[in-house]
Number of protein chains: 2
Amino acid sequence: MSVVSLGAGPSRVQARRAQTRRAVLDAAWALASGSGLEALSLRDIAASVGMRAPSLYSYFDSKAAILDALFVDGYRALDDQIAAVAASQPAKASPTRRLAALLQMWIGFCQDDQARYRLLFTNAVPGWVASAEAYQSSLDSYLRLCDYLAGAGITEADDIDLVTALAAGLVAQQMANDPGGDRWLRRVDDVVDMFVQHLRAHRKRATHLPEDRP
Amino acid sequence: MSVVSLGAGPSRVQARRAQTRRAVLDAAWALASGSGLEALSLRDIAASVGMRAPSLYSYFDSKAAILDALFVDGYRALDDQIAAVAASQPAKASPTRRLAALLQMWIGFCQDDQARYRLLFTNAVPGWVASAEAYQSSLDSYLRLCDYLAGAGITEADDIDLVTALAAGLVAQQMANDPGGDRWLRRVDDVVDMFVQHLRAHRKRATHLPEDRP
DNA sequence: GTCTATAGACGGATAGAC
DNA sequence: GTCTATCCGTCTATAGAC
């Protein structure tokens, strides 16, 4: 097997490197989820993959680079979830159903991993901000979100801002005051109904929001 | 002056202590607002009041005790703001107006001081959680909030949870994505209208929500 | 690539003189 | 009460041998 090694050269070496990088990031996720994002240290990450801290610098330039990679990881996972929700919706699903499915997923996504939630959505790491390149992946995710919302008939910037605020509020309260529970999670249908009614009442011009019952 | 020193004893000494404690906390607020909450160190606080770090231990048991005191400070300030908003409302103000005034104040309160926002509403300090005594002051503040909401006809737990989620969402998005601006702040009236319409539509039983125009 | 050793900085907290 | 001196821990990052 592997006839591909002609001329191309170090492809197997690169694959090995990529594997190790992946293992480092996985270990970092596990540690962050377990002991908290702010307790994440290079020493612990290295130990988790059977290394010493300095060896990590063969794979990442700095701790910030690791956090960047985790950040990209996290938004990729969110992308996948949005795609999955989109795929699970029947073609004629109502805006209400689409929105409720999205918010449900979103809150679940945050509850699944508090460390990931804090990394992606709050500025929880003291000295770190996502690099421009990493930040780009969050913008990509935002575009994918907008696509999904467009499928529910929501295209205006103001409406999108309102959806993100509703989601952020439910998530923040749920995570802060009832981490494992459903005190705000179970209000999703309520909130979506409230929002959709509001849209219908204030729809100007000919913008058409599909009816819930066609 | 000061005839009061008979028998009572060390009242002037205690007053001096309280003054110094106050100065320490004020310095801590200034540093946190300037350099960020997580950069707050005992050395810097002490230097700001013309001391060295160990001297602070004459006034506070630990750094956690200082954070606790700041936490209480912050909720006291929020209490004052809620009281001020309540006092500024004419007796016959509509629920819509009352809610809008509250949310406006709330967002402004958070925008006034990012460090305070992070201390009170997010778990931004790595090793610290508010002590039970300090936490009590946040519960007091919550009760005061409930009082205010009751004045707007909102008394059911589910409705209160919805209000806090709406507020938390607007605040979180505003602070994270447009810190100094008004991208979400200016949506307060919209959100309040949405919420009030929702309440009216779903009011069960004889619960009476005052009309906006009597 | 991985290691040991260490630099260099920062943090909270304590001992003990004054 | 305040100080100096110091302990002890944390961390990221680098130098240089192997």
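In what follows, chains carry the letters A, B, and so on, assigned in the order in which the sequence lines appear, proteins first and then strands, with residues in each chain numbered from 1.
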- Task: May I ask you to say what B:G50 touches in the nucleic acid, namely base, sugar-phosphate or nothing, with a heavy-atom cut-off under 4.0 Å?
- Result: sugar-phosphate

- Among D:dA15, D:dC11, C:dA15, which is the nearest nucleotide to the side chain of A:S41? D:dC11

- Would you mind telling me which of D:dC3, C:dA13, C:dG11 lies closest to the side-chain atoms of B:S62? C:dA13

- Any Lys/Arg nitrogen of B:D161 or A:R187 sitting under 4.0 Å from an Asp/Glu carboxylate oxygen of the other? no

- Message: I need the CG-P distance between B:D44 and C:dA9, as an integer number of Å.
- Response: 16 Å

- Message: Please pick, from D:dA13, D:dC3, C:dG11, the nucleotide with the shortest atom-to-atom distance to any side-chain atom of A:K63.
- Response: D:dA13

- Message: Do the side chains of A:R22 and A:D73 get close enough for a salt bridge, i.e. N-O under 4.0 angstrom?
- Response: yes

- Task: Could you check how far CG of A:L56 sits from P of D:dT12, rounded to whole Å?
- Result: 10 Å

- Item | Nearest-angstrom distance from the residue atom CG of B:L67 to C1' of C:dG11 | 13 Å

- Task: Check the distance between C:dG1's P and A:R21's CZ and give it to me in whole angstrom.
- Result: 12 Å

- Item | Upstream residue (5' side of DNA chain C) when A:R43 and B:L40 are each assigned their closest nucleotide | A:R43

- Item | Cation-pi geometry met for B:R144 and B:Y75 (6.0 Å, 45°) | no

- Atom CG of A:L37 and atom P of D:dC11: how far apart are they, to the nearest Å? 14 Å

- Message: Would you compute the distance between atom CG of B:L99 and atom CG of B:L149 and round it to the nearest 0.5 angstrom?
- Response: 6.5 Å

- Look at B:R16 and D:dG1 and indicate whether a side-chain polar atom (N or O) is within less than 4.0 Å of OP1 or OP2. no

- With the side chain of A:L42 defined as its heavy atoms from C-beta on, choose the nearest nucleotide among D:dT12, D:dC3, C:dT2. D:dT12

- Nearest whole angstrom, please: distance from the P of D:dG1 to the CD of B:Q19. 13 Å

- Query: Rounded to the nearest Å, what distance is computed from the OH atom of residue B:Y59 to the P atom of nucleotide C:dA13?
  - Reply: 18 Å

- Note on the structure: Note: for A:A39 and B:T20 on DNA chain D, the residue whose nearest nucleotide lies more 5' is B:T20

- Name the closest nucleotide to the A:R52 side chain, picking from D:dC11, C:dT4, C:dA13. C:dT4

- Query: Which nucleotide in the list D:dT14, D:dA13, D:dC3 gets nearest to the side chain of B:S55?
  - Reply: D:dC3

- Item | Closest nucleotide among C:dG1, C:dC3, C:dT14 to the A:S58 side chain | C:dG1

- Query: Taking only N and O in the side chain of B:Y57, is any of them less than 4.0 Å away from OP1 or OP2 of C:dG12?
  - Reply: no

- Message: In this structure, how many angstroms lie between the C1' atom of C:dA13 and the CD1 atom of B:I45, rounded?
- Response: 14 Å

- Greater than 12 external heavy atoms within 6.0 Å of A:Y135's OH: no

